[in-house]
Amino acid sequence: QVQLVESGGGLVQAGDSLRLSCAASGRTFVTNAMGWFRQAPGKEREFIATIGWNSGITYYVDFVKGRFIISRDKAKNTVYLQMNSLKPEDTAVYYCAAGPKLTYNPPMRYWGKGTLVTVSS
């Protein structure tokens, strides 16, 4: 099992920046991909970004390219999502996830409980 705990969410204004963190523990060696997803009120969960745990290769959904950056610190078993130029439509619960295969919008096996990001206009 892999446990994922997100942190860093909160209430910010449009144009602000926020950095989310995801601390991984347990059998992290079984994961190759770490990623971020989000779910806005009344909408389905959607893919944001993923990163190869060993390779560092990244994939992003188009609407966050140039604004969000995913990174990882292997020594700390932590994945980050730096979010810049936030918009009200970025308001959502953001979930960290881990899985065995690195692709664009990969199938994930493990999920965190999420952290709420609210962007006011």
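The chain is numbered in sequence order, starting from 1.
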Hey, what do you get for [atom1] ([X]) to [atom2] ([Y]), rounding to the nearest 0.5 Å?
X	Y	atom1	atom2	value
M34	L81	CE	CG	12.0 Å
Q13	L86	CD	CG	11.5 Å
Y60	K65	OH	NZ	10.0 Å
I51	W36	CD1	CH2	12.0 Å

Report task. Run the numbers on E46 and R38 for side-chain contact (heavy atoms from CB on, under 4.5 Å), then give the verdict. Result -> CA-CA 5 Å; E46 59 185 355; R38 73 184 187 188; 2.7 Å; yes
Requested in this report: Walk me through it: do I48 and F63 pass the test side-chain contact (heavy atoms from CB on, under 4.5 Å)?
Outcome: CA-CA 9 Å; I48 299 299; F63 59 76; 4.1 Å; yes
Identify whether [X] and [Y] are in the same connected component of the hydrophobic contact network (ILVMFWY, side-chain heavy atoms under 4.5 Å).
X	Y	value
Y80	V93	no
I70	Y94	yes
V5	L18	no
L20	V64	yes

For [X] versus [Y], what's the shortest heavy-atom pair and its separation?
X	Y	answer
P88	A14	CD-CB, 4.1 Å
A98	L4	N-CD1, 3.7 Å
A33	T50	CB-OG1, 3.9 Å

Report task. Under the side-chain hydrogen bond (donor to acceptor under 3.5 Å, both in side chains) rule, collect the residues that match up with R72, sequence neighbours excluded. Result ->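 side-chain hydrogen bond (donor to acceptor under 3.5 Å, both in side chains) list for R72, sorted by chain: empty.
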Could you list the donor-acceptor pairs under 3.5 angstrom formed by side chains in residues 103-117, with sequence neighbours left out?
| unit_1 | atom_1 | unit_2 | atom_2 | d |
| --- | --- | --- | --- | --- |
| T115 | OG1 | G9 | N | 3.1 |

Requested in this report: Not counting sequence neighbours, list each pair that qualifies as a disulfide bond (SG atoms under 2.5 Å apart) and has a residue in residues 60-116.
Outcome: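 For residues 60-116: C22-C96.
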Requested in this report: Quick one: which residue pairs count as a disulfide bond (SG atoms under 2.5 Å apart) with a foot in residues 44-78, not counting sequence neighbours?
Outcome: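 Passing the test, one end in residues 44-78: no pairs.
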Query raised in the report: So which pairs with a foot in residues 9-32 pass salt bridge (charged side-chain N to carboxylate O under 4.0 Å, His left out), sequence neighbours left out?
Result: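 Of all non-adjacent pairs touching residues 9-32, none passes salt bridge (charged side-chain N to carboxylate O under 4.0 Å, His left out).
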Query raised in the report: Looking at side-chain heavy atoms only, is the closest gap between N32 and P100 below 4.5 Å?
Result: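 Side-chain contact under 4.5 Å: no.
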Query raised in the report: Does the pair W53 and V79 meet the rule for a side-chain contact (heavy atoms from CB on, under 4.5 Å), with working shown?
Result: CA-CA 9 Å; W53 187 247; V79 175; 3.6 Å; yes
Requested in this report: Given salt bridge (charged side-chain N to carboxylate O under 4.0 Å, His left out), test K87 with D90 step by step and report yes or no.
Outcome: CA-CA 5 Å; K87 305 174 182 180; D90 293 318; over 6 Å; no
Query raised in the report: L102 and Y59: side-chain contact (heavy atoms from CB on, under 4.5 Å), yes or no, with the steps?
Result: CA-CA 9 Å; L102 176 66; Y59 295 91; 3.8 Å; yes
**Report entry** Residues forming a salt bridge (charged side-chain N to carboxylate O under 4.0 Å, His left out) with E89, sequence neighbours excluded
**Finding:**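 Residues passing salt bridge (charged side-chain N to carboxylate O under 4.0 Å, His left out) with E89: none at all.
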